[in-house]
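Everything on this sheet refers to the single structure shown next.
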Amino acid sequence: MLLISAAPKLGLPLEAVLRGAALPPAALGQRGVPIPLSAARHVWSSAERVSGGPELGLRVAETLDVGTLDVLDYLSRSSASFGAALCRFIRFAPLLADSGVLSLHADGGHAHFRHAAPNGVPAVSELLAGMTVLRAQAFSGERVRPVAVRFRHHRRRGAGAYERIFDAPVEFGAPCDELVFRREHLEVPFRSADPRLCEILEAFAQLRLQQQSQVDAPPPAAPSGFVDEVRHVLRECIAEGNPNIDRVAEHMGVSARTLQRQLREHGTSHRALLAETRAALMDRYLDSANPSQRVLAAELGYASARSVSRALRRR
């Protein structure tokens with residue numbers, strides 16, 4: 001866990017932080033093992049109480065040396081550009097932690113790196129945002145900074161770390177966590193780019209991801225890697241705000257007609273999988289909080305709050 005790596009530099013007493021944690025200290029410090037969100041929430045909340053600092057996530061981001069994120073760090077650093085690194089981080093983030101759904105999409109002249117995590121941990125959201133900006137600057141040697149920063153949680157006291165790291169307007173109580181960059185920043189090259197090393201690390205990360213899913217995933221009633229892939233893409237598209245079939249097909253590199261045919265061959269449809277995915281996400285939101293229908297609409301990719309209201313009545 002990243003907090004474990006940063007604790008000595010921050011002067012945090014680990015025994016006090018981990019007292020009563022859902023996982024033993026040995027498990028929390030084990031490399032290559034993703035930490036469940038429930039355990040992370042407990043440990044980060046404890047660390048904030050012990051440290052007394054509301055900006056703990058950003059302070060941790062500033063202390064983490066390259067390599068602390070294991071293969072994710074080296075894979076990002078060897079990528080050709082900031083945009084390529086973000087795409088790989090999104091793809092392989094489950095190797096690090098159960099931290100919600102990450103997505104990247106362009107809208108006009110801007111690129112949105114979004115983090116959707118129902119019942120997430122504010123410190124973890126700020127850690128992710130801080131690491132993204134600091135790593136981009138370190139690997140590129142350029143002043144890559146967002147034009148806007150948004151967090152779902154409400155502002156807590158303190159402002160120094162926000163100004164120091166982001167140098168951009170920060171909004172709190174937003175529908176989701178996101179960093180907004182100028183679109184051309186995605187093309188910023190990394191000085192540390194190494195195409196051959198990146199290829200090797202990507203193959204290694206993919207193997208670890210497959211091994212992890214085999215261990216963690218319950219056996220499905222009717223196994224279908226293709227359908228699971230569509231479900232994953234649907235979650236990304238929902239986070240982006242556009243889960244229609246054309247957008248899903250674009251993510252998967254096929255035409256909408258081909259996607260419809262393949263789904264029929266697997267005994268399902270885009271509409272059925274979208275309803276299933278939204279229902280699962282809605283359950284998580286409703287269990288974790290009491291969000292407004294406006295927030296639900298934004299998080300679940302509905303056109304309006306009225307659409308959410310109809311969906312809730314059908315449940």
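As the structure is a prediction and not an experimental result, all values here were calculated from the model.
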Rounded to the nearest 0.5 angstrom, the CZ-CG distance for Arg135 and Leu72 is 10.5 Å
Exam field: side chain Ser140 to backbone Pro189, donor-acceptor pair closer than 3.5 Å: no
Rounded to the nearest 0.5 Å, how far does CG of Leu75 lie from CZ of Phe92? 6.0 Å
Please determine if Asp167 and Arg145 form a salt bridge, counting it only when a charged side-chain N lies under 4.0 Å from a carboxylate O. yes
Results of side-chain contact (heavy atoms from CB on, under 4.5 Å) for Arg91 - residues two or more places apart only: Glu202, Gln206
Do Leu274 and Ile245 come close enough that some side-chain heavy atom pair is under 4.5 Å? no
Do Pro243 and Ile238 touch side chain to side chain, with heavy atoms closer than 4.5 Å? yes
Lys/Arg-Asp/Glu bridge criterion (N-O < 4.0 Å) met for Asp246, Arg257: no
Whether Glu62 and Arg59 form a salt bridge (side-chain N of Lys/Arg under 4.0 Å from carboxylate O of Asp/Glu) is what I want to check. no
Lys/Arg-Asp/Glu bridge criterion (N-O < 4.0 Å) met for Asp107, Arg183: no
d(His105 NE2, Cys237 SG) to nearest 0.5 Å is 10.5 Å
Do Met252 and Glu229 come within less than 4.5 Å of each other through their side chains, counting heavy atoms only? yes
So, Ser76 and Ser79: side-chain donor and acceptor under 3.5 Å apart, yes or no? no
Identify the heavy atoms of Val144 and Gln137 that sit nearest to each other, and give their distance. O-NE2, 2.8 Å
Non-hydrogen side-chain atoms of Leu263 and Val230 separated by less than 4.5 Å: yes
CD of Glu276 to CZ of Arg271: how many Å apart, nearest 0.5 Å? 15.0 Å
Side-chain contact test, heavy atoms from C-beta onward, threshold under 4.5 Å: evaluate it for Pro146 versus Glu178 and give yes or no. no
Between Thr132 (side chain) and Leu128 (backbone), is there a donor-acceptor pair under 3.5 Å? yes
Heavy atoms of Glu236 and Leu102 approach each other most closely as CG-O, 4.1 Å
Going through the distances and angles, do Leu197 and Ser78 end up as a side-chain contact (heavy atoms from CB on, under 4.5 Å)? CA-CA 7 Å; Leu197 177 60; Ser78 62; 4.3 Å; yes
Determine whether Val124 and Phe172 fall in the same hydrophobic cluster, where Ile, Leu, Val, Met, Phe, Trp and Tyr are linked whenever their side-chain heavy atoms lie under 4.5 Å apart. yes
Quick one: does Met131's side chain get under 4.5 Å of Leu69's, heavy atoms only? yes
Take His115 and Arg152, measure what side-chain contact (heavy atoms from CB on, under 4.5 Å) needs, and give me the verdict at the end. CA-CA 10 Å; His115 175 223; Arg152 288 188 66 201; over 6 Å; no
Side-chain heavy atoms under 4.5 angstrom apart, residues restricted to Ile, Leu, Val, Met, Phe, Trp, Tyr: same cluster for Val188 and Val147? no
Should Phe204 and Val66 be counted in the same cluster of Ile, Leu, Val, Met, Phe, Trp and Tyr side chains packed under 4.5 Å apart? yes
Answer yes if the side chains of Glu126 and His153 hold a donor-acceptor pair under 3.5 Å, and no otherwise. yes
Does the side-chain hydrogen bond (donor to acceptor under 3.5 Å, both in side chains) test come out yes or no for Arg231 and Thr277, once each step is laid out? CA-CA 7 Å; Arg231 289 191 181 102; Thr277 304; 5.6 Å; no
Using the rule that two of Ile, Leu, Val, Met, Phe, Trp, Tyr join whenever any of their side-chain heavy atoms come within less than 4.5 Å, decide whether Leu234 and Phe226 are in one cluster. yes
Can you tell me if His232 uses its side chain to pair, donor with acceptor, with the backbone of Asp228 under 3.5 Å? no
Rounded to the nearest 0.5 angstrom, the OG-OH distance for Ser192 and Tyr74 is 12.0 Å
May I ask you to decide if the ring planes of Phe82 and Phe181 are parallel, tilted or perpendicular, using 30° and 60° as cut-offs? perpendicular
Minimal heavy-atom distance between Thr68 and Asp73, with the atoms involved, is N-OD2, 3.3 Å
For residues Arg235 and Ser103, determine if any side-chain heavy atom of one lies less than 4.5 Å from a side-chain heavy atom of the other. no
Does the side chain of Leu58 come within less than 4.5 Å of Phe166's, by heavy atoms? yes
Are Val180 and Tyr162 joined in one hydrophobic group, where the rule is that I, L, V, M, F, W and Y side chains link up if heavy atoms are under 4.5 Å apart? no
Would you name the heavy atoms of Ala174 and Arg150 that are closest together and state the gap between them? CB-CB, 3.8 Å
Show, in sequence, the C-alpha distance, side-chain angles and deciding distance for Leu95 and Asp70, and conclude whether the side-chain contact (heavy atoms from CB on, under 4.5 Å) test is met. CA-CA 9 Å; Leu95 293 175; Asp70 200 48; over 6 Å; no
Run the side-chain contact (heavy atoms from CB on, under 4.5 Å) test on Arg247 and Glu250 for me, step by step, so that the C-alpha distance in whole Å, both residues' side-chain angles and the decisive distance to 0.1 Å come before the verdict. CA-CA 5 Å; Arg247 184 61 172 163; Glu250 180 183 345; 3.1 Å; yes
